[in-house]
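Please read through the structure below; I'll follow up with questions.
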Amino acid sequence: MTAEPTVNTFAGLHHRPGEPLLLPNAWDHASAAALAARGFAAIGTTSLAVAAAAGLPDGQGVTREQTLHLALTLGSEPYLLSVDAEDGFSDDPDEVAALACRLWAVGVVGINLEDGLGPAGRHAAKIAAVKAAVPGLFVNARTDTHWLGDGDESDTMRRSDLYRQAGADGVFVPGLSDPGRIGALVRQLDAPLNILYSPTGPALSHLADLGVRRISLGSLLYRRALGAALDAVADIAAGRVPGGTTPSYAEVCASARNVSVSRSAQSTG
């Protein structure tokens with residue numbers, strides 16, 4: 001597969017009116033393979049799971065190597081991969097661009113970069129550096145005005161406009177769940193709007209009607225997986241048969257064998 005058609009395909013998934021990209025977020029090869037087997041053509045990663053698996057805090061810029069390792073594990077698989085890279089793990093735009101180049105080299109087609117409510121100009125500089133270094137990489141610029149701030153609409157729009165001017169391909173506003181405000185932002189933006197799905201927020205069909213072009217699941221699946229493990233062990237301890245879906249031992253092993261064969265072919269090809 002050549003790089004350009006892959007990128008065009010991923011970008012194209014953000015430009016289907018009434019059919020937003022539902023992006024599930026994986027945390028290891030097994031979870032990504034299971035999601036791909038269910039028909040998801042594009043898969044993201046979740047920084048919370050990457051950090052939690054390593055016993056490190058999320059959003060503190062300490063999981064750069066773990067993020068790169070996961071990208072190396074998943075980037076050669078037959079699905080489109082977007083990586084949650086927190087704030088790029090640096091305040092230096094050139095270092096963030098170097099990270100983007102490494103991700104691109106292992107097959108990643110999209111990157112999430114979050115501003116953490118830091119200086120908007122600094123975040124815009126990171127985006128510009130990434131797009132200059134890797135023009136084909138889809139940059140999803142996240143602003144945390146609703147996630148960490150008070151949801152100021154003017155600040156959300158100011159930051160979104162600045163990031164778009166810097167070259168961002170999409171805008172991500174996690175924590176925004178009010179339908180009226182989502183619809184208003186869609187009308188103001190000249191880029192695909194990404195919303196973080198919440199079980200208590202608008203349903204997928206409602207978000208589609210509002211004009212949202214990408215719906216991410218973030219850490220939800222990872223947290224649900226942990227919850228399912230706790231529920232299962234509680235059922236077993238209480239003498240009950242645990243419910244829910246349980247992939248077989250053979251199915252999980254087959255997934256690992258597939259990636260091993262793929263890497264072996266790449267190394268000898």
Side-chain angles (χ1 to χ4, degrees), residues 13 19-59 63 66-67 69-84 86 108 110 112 140 147 172 174-177 179 194-209 212 214-263:
L13 294 176
E19 188 181 354
L21 168 62
L22 175 59
L23 189 72
N25 298 75
W27 54 93
D28 60 9
H29 178 266
S31 58
L35 290 166
R38 287 295 181 95
F40 289 98
I43 295 171
T45 64
T46 163
S47 66
L48 173 64
V50 171
L56 297 170
D58 183 34
T63 58
Q66 289 83 359
T67 299
H69 177 75
L70 182 59
L72 178 62
T73 301
L74 304 182
S76 61
E77 292 300 292
Y79 45 74
L80 303 169
L81 179 67
S82 181
V83 168
D84 181 350
E86 296 190 5
V108 173
N112 264 30
N140 200 36
W147 193 250
F172 184 22
L176 177 59
S177 60
N194 182 189
I195 292 294
L196 181 67
Y197 171 79
S198 169
T200 60
L204 265 60
S205 59
H206 193 180
L207 290 172
D209 290 342
V212 172
R214 174 165 160 177
I215 302 167
S216 299
L217 300 186
S219 65
L220 177 62
L221 298 183
Y222 177 70
R223 291 183 286 112
R224 287 295 300 265
L226 291 177
L230 294 174
D231 289 344
V233 76
D235 283 340
I236 293 168
R240 298 185 295 267
V241 176
T245 301
T246 305
S248 71
Y249 181 89
E251 288 170 334
V252 176
C253 287
S255 170
R257 282 197 299 272
N258 289 340
V259 72
S260 177
V261 170
S262 173
R263 288 178 182 165

Worksheet item: Looking only at heavy atoms, what is the nearest atom pair of Pro247 and Thr245, with distance?
Response: CD-O, 3.9 Å

Worksheet entry | Backbone of Gly218 reached by a side-chain donor or acceptor of Ser216 within 3.5 Å | no

Worksheet item: Which pair of non-hydrogen atoms, one from Leu35 and one from Phe40, has the smallest distance, and what is that distance?
Response: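 Leu35 and Phe40 have their closest heavy atoms at O-CD1, 3.2 Å.
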
Discussion item. Tell me the closest heavy-atom pair linking Val108 and Ala71, and the distance in Å.
Written reply: CG2-CB, 3.9 Å

Worksheet item: Can you tell me how far the CZ atom of Phe172 sits from the CG atom of Leu23, to the nearest 0.5 Å?
Response: 9.0 Å

Worksheet item: Any donor and acceptor pair, going by atom type alone, linking the side chain of Glu77 with main-chain N or O of Leu74 inside 3.5 Å?
Response: no

Practice prompt. May I have the step-by-step check of side-chain contact (heavy atoms from CB on, under 4.5 Å) for Leu80 and Ile43, ending in yes or no?
Written response: CA-CA 6 Å; Leu80 303 169; Ile43 295 171; over 6 Å; no

Discussion item. Applying salt bridge (Lys or Arg N to Asp or Glu O under 4.0 Å) as the test, list every pair that has at least one member in residues 220-237; sequence neighbours left out.
Written reply: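 For residues 220-237: Asp235-Arg240.
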
Discussion item. Check whether Thr63 reaches the backbone of Gln66 with its side chain - one donor and one acceptor, N or O, closer than 3.5 Å.
Written reply: no

Item to complete: Return the minimal non-hydrogen interatomic distance between Gly59 and Glu86, and the atom names on each side.
Response: N-OE2, 3.0 Å

Worksheet entry | Nearest heavy-atom neighbours spanning Ala42 and Leu21 |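 Closest pair (atom of Ala42, atom of Leu21, distance): CB-CD1, 4.2 Å.
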
Fill in: Qualifying ring pair (Phe, Tyr, Trp, His ring centres under 6.0 Å) pairs with a residue from residues 219-244, counting only residues at least two apart or across chains
Trp27-Tyr222

Discussion item. Rounded to the nearest 0.5 Å, what separates atom CG in Asn25 from atom CG in Asp84?
Written reply: 7.5 Å

Item to complete: Find the distance between OG (Ser47) and CG (Leu56) and round it off to the nearest 0.5 Å.
Response: 12.0 Å

Worksheet item: Could you state the interatomic distance from OG1 (Thr46) to CG (Leu220), rounded to the nearest 0.5 Å?
Response: 9.5 Å

Worksheet item: Do the non-hydrogen side-chain atoms of Asn112 and Val83 ever get within less than 4.5 Å of each other?
Response: no

Discussion item. Please report the interatomic distance CG(Leu221) to OG(Ser31), rounded to the nearest 0.5 Å.
Written reply: 8.5 Å

Worksheet entry | Residue pair Ile236 / Pro242, side-chain heavy-atom distance below 4.5 Å |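 Of all side-chain heavy-atom pairs linking Pro242 with Ile236, at least one is under 4.5 Å.
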
Discussion item. Do Ser177 and Ser198 have side chains that approach each other closer than 4.5 Å (heavy atoms only, starting at C-beta)?
Written reply: no

Worksheet item: Given Arg214, which of Asn140, Leu196, Leu22, Ile195 fulfils the side chain to side chain contact (heavy atoms under 4.5 Å, CB included) condition?
Response: Asn140

